[in-house]
Colleague: 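Below is the structure I would like to discuss, written out as structure tokens.
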Amino acid sequence: MVKSKIKLQTKKLNVWYGNMHVVKDFTLKIPEKKITAVIGPSGCGKSTFLRSLNRMVELVPGARVSGEILLDGENIYDKDVDETEIRLRIGMVFQKPNPFPKSIYENVAYGLKVRGITEEKKLRLLVEESLKKVGLWEEVRDRLNRSALELSGGQQQRLCIARALAVKPEVILMDEPCSSLDPIATAKIEDLLFELKKDYTIVIVTHNLQQAARVSDYTAFMYAGKLIEHGRTEEIFERPKNKITQDYITGRFG
Amino acid sequence: MVKAKTCERLGFWSTRVAILISLSITGYMLFYIISKGASIISWDFLTKPPTSGMTAGGIFPAIVGTLLLVTLAIVISLPLGLASAIYLVEYSSKESRFVRLVELAVYSLNGVPSIVFGLFGMAFFVKFLGFGTSLLSASLTLSLMILPTIVATSVEALKSVPDHFREASLALGATKGQTIVRVVLPAAFPGIITGAMLGVGRAAGETAPILFTGAVFYMRGLPTSIFDPVMALPFHLFVLATEHPNISKVEPIQYGTALVLLILVLLISLIATVIRYRYRRKRKW
């Protein structure tokens, strides 16, 4: 089904919160430099699935994970794997824009400084490069030292993407990145996604079916913790094989 | 309908009267202390030691003593309290029995009368550890007394930092420690400082904890080491008001001391308010 190289894949992935079985036997291949959308009704485990891909799920008290997640063939849940290394290679953008209460510059430089990069020239260069990639450079170049919280919601979200790009990840996870944005800001982010997939593998969780249809190459439909159907986006939207997928896509439930 | 409106008016007026009463009592107290103490305040009063059996001269050693006591107390209790708060909020699971026990202990400690801290300080620091009646013993006792305040306010300050800041930092490959130092603490800073200032204000005004542990009525010169005893404003006031034979002569000094103490504590709360206000304007989460 999938021709391009597989960047990330889950094998029999299960996630529990205490006694709640949230993600069930999830096996999915995520191709490199493509956009994979994960769709499904609220509470079906989409966000939990996404958060298991960079081990953020482990931060929830009582969370348990079984199965494998292979990044370039290597299980990120292996005992000797450092989760901070994984999060460097697999970046994340959240539902609500969440810049730090610091300057625009400090926000983008954060991940680099944490990595021990302190050379001012290098930092400046990488910050500029990241802001250019998200199309924010022209808008903020004169006020890099102003608080990031002064930016509009859409600008904040692009800043958060720039912040994630600065540490040069290979995969970017996006958890409903446009759900709190207006249509114009949403369109900008969607345009940005097309640019980004030239260099990055993107997994996006979305509530918005039109968005999934517009931006993604592959779509995975999730229902009650299970992967129901997965394939090329056109196929999922035009010729879904499964009855539940069809009902969801046609808006019979949501 | 008329009845409900009358009730409403009555309720409104009773709250108004309540506020008037508390305001006027505070106002009268301030007026009383200022009117009795203001005349004696002078440069000499603030910078000279007492003379002629405490009936003349200034209160300089007591001012310095109080500043030393509170500085040392906060230097001891802030790191201790903040570290405990960080452990409670960031590292322990919220429902664990241990955390509940610590929280219970902190709240109970907050309710312990200050004289009990004074007695404990005398038994433990002065006698058992052999620090004697000294600046060190008194500061340690004060730091114990304000520790619960520091822990409780720091816990609140850390809890008020939204989790999405922590998530953003961790998702960028930061460790938990880096996240706390670089994101959580700066965001919690105004709350932590407010708590520290509250503690300092309380430590500056208390007499009981230093009564048996380090305060003396009179000493020649200033303390030269942490093992020397100190003079302190609240203790000075206490002794002048209760033990001095020549009441009429020391009365102005007594009110002057009260006024200086009051201004000192007000100044500390003012600093805390300014810091909090400046930070609050900047934050928008």
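Letters A, B, ... are given to chains in the order of the sequence lines, protein chains preceding strands, and every chain is numbered from 1.
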Colleague: Does any backbone or side-chain atom of A/Lys113 lie under 4.5 Å from a heavy atom of chain B? Answer side chain, backbone, both or neither.
Modeller: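 It is both, since atoms from each part get that close.
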Colleague: A quick test of your reading: do over 12 heavy atoms of other residues, nucleotides or ligands sit less than 6.0 Å from CG of B/Leu23?
Modeller: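 Yes.
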Colleague: Under 4.5 Å from any heavy atom of chain B, what part of A/Pro169 do you find: side chain, backbone, both or neither?
Modeller: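 No part of A/Pro169 comes within 4.5 Å of chain B.
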Colleague: Do you know which of A/Arg163, A/Glu106, A/Lys96 has the most heavy-atom pairs with chain B at a distance under 4.5 angstrom?
Modeller: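 Looking at each option in turn, the highest pair count goes to A/Arg163.
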Colleague: If you count heavy atoms of other groups shown closer than 6.0 angstrom to NZ of A/Lys133, is the number above 12?
Modeller: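 Yes, because the 6.0 Å sphere around NZ of A/Lys133 holds more than 12 heavy atoms from other groups.
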Colleague: Please state whether the side chain, the backbone, both or neither of A/Arg51 comes within less than 4.5 Å of a heavy atom of chain B.
Modeller: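 It is the side chain, since no backbone atom gets that close.
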Colleague: So which part of A/Arg55 gets closer than 4.5 Å to some heavy atom of chain B, the side chain, the backbone, both or neither?
Modeller: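 Neither part.
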Colleague: Please give me the minimum heavy-atom distance between A/Tyr110 and B/Thr179, naming the atom from each residue.
Modeller: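 Scanning both residues, the minimum pair turns out to be OH-CA, 4.0 Å.
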Colleague: Would B/Leu172 and A/Val114 satisfy side-chain contact (heavy atoms from CB on, under 4.5 Å), going step by step from the backbone distance to the final call?
Modeller: CA-CA 9 Å; B/Leu172 286 164; A/Val114 158; over 6 Å; no
Colleague: Under the 3.5 angstrom rule, does the side chain of A/Asn98 hit a backbone N or O of B/Phe165 as a donor-acceptor pair?
Modeller: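 Side chain of A/Asn98 to backbone of B/Phe165: no pair is present.
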Colleague: Could you please spell out the steps behind the side-chain contact (heavy atoms from CB on, under 4.5 Å) verdict for A/Phe94 and B/Glu167?
Modeller: CA-CA 9 Å; A/Phe94 297 83; B/Glu167 283 187 341; 3.5 Å; yes
Colleague: May I ask you to check whether over 12 heavy atoms, not counting those of B/Leu20, lie within 6.0 Å of atom CG?
Modeller: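 More than 12 within 6.0 Å, yes.
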Colleague: So for atom OH, which belongs to B/Tyr91, do other residues, nucleotides or ligands contribute more than 12 heavy atoms lying within a distance under 6.0 Å?
Modeller: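 Yes, enclosed.
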Colleague: Examine distances only and state if a side-chain atom of A/Arg115 and a backbone atom of B/Gly173 form a donor-acceptor pair shorter than 3.5 Å.
Modeller: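 Yes, because the side chain of A/Arg115 sits within donor-acceptor range (under 3.5 Å) of the backbone of B/Gly173.
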Colleague: State which residue, out of A/Arg87, A/Glu83, A/Glu58, fulfils the side-chain contact (heavy atoms from CB on, under 4.5 Å) condition with B/Leu170.
Modeller: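 The passing option is A/Arg87.
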Colleague: Going from CD on B/Gln178 to OG1 on A/Thr84, what distance comes out if it is rounded to the nearest 0.5 angstrom?
Modeller: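 Between B/Gln178 CD and A/Thr84 OG1, I get 8.0 Å after rounding to 0.5 Å.
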Colleague: Near A/Glu74 CD, under 6.0 Å, is it more than 12 heavy atoms from other residues, nucleotides or ligands?
Modeller: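 Not more than 12 within 6.0 Å, no.
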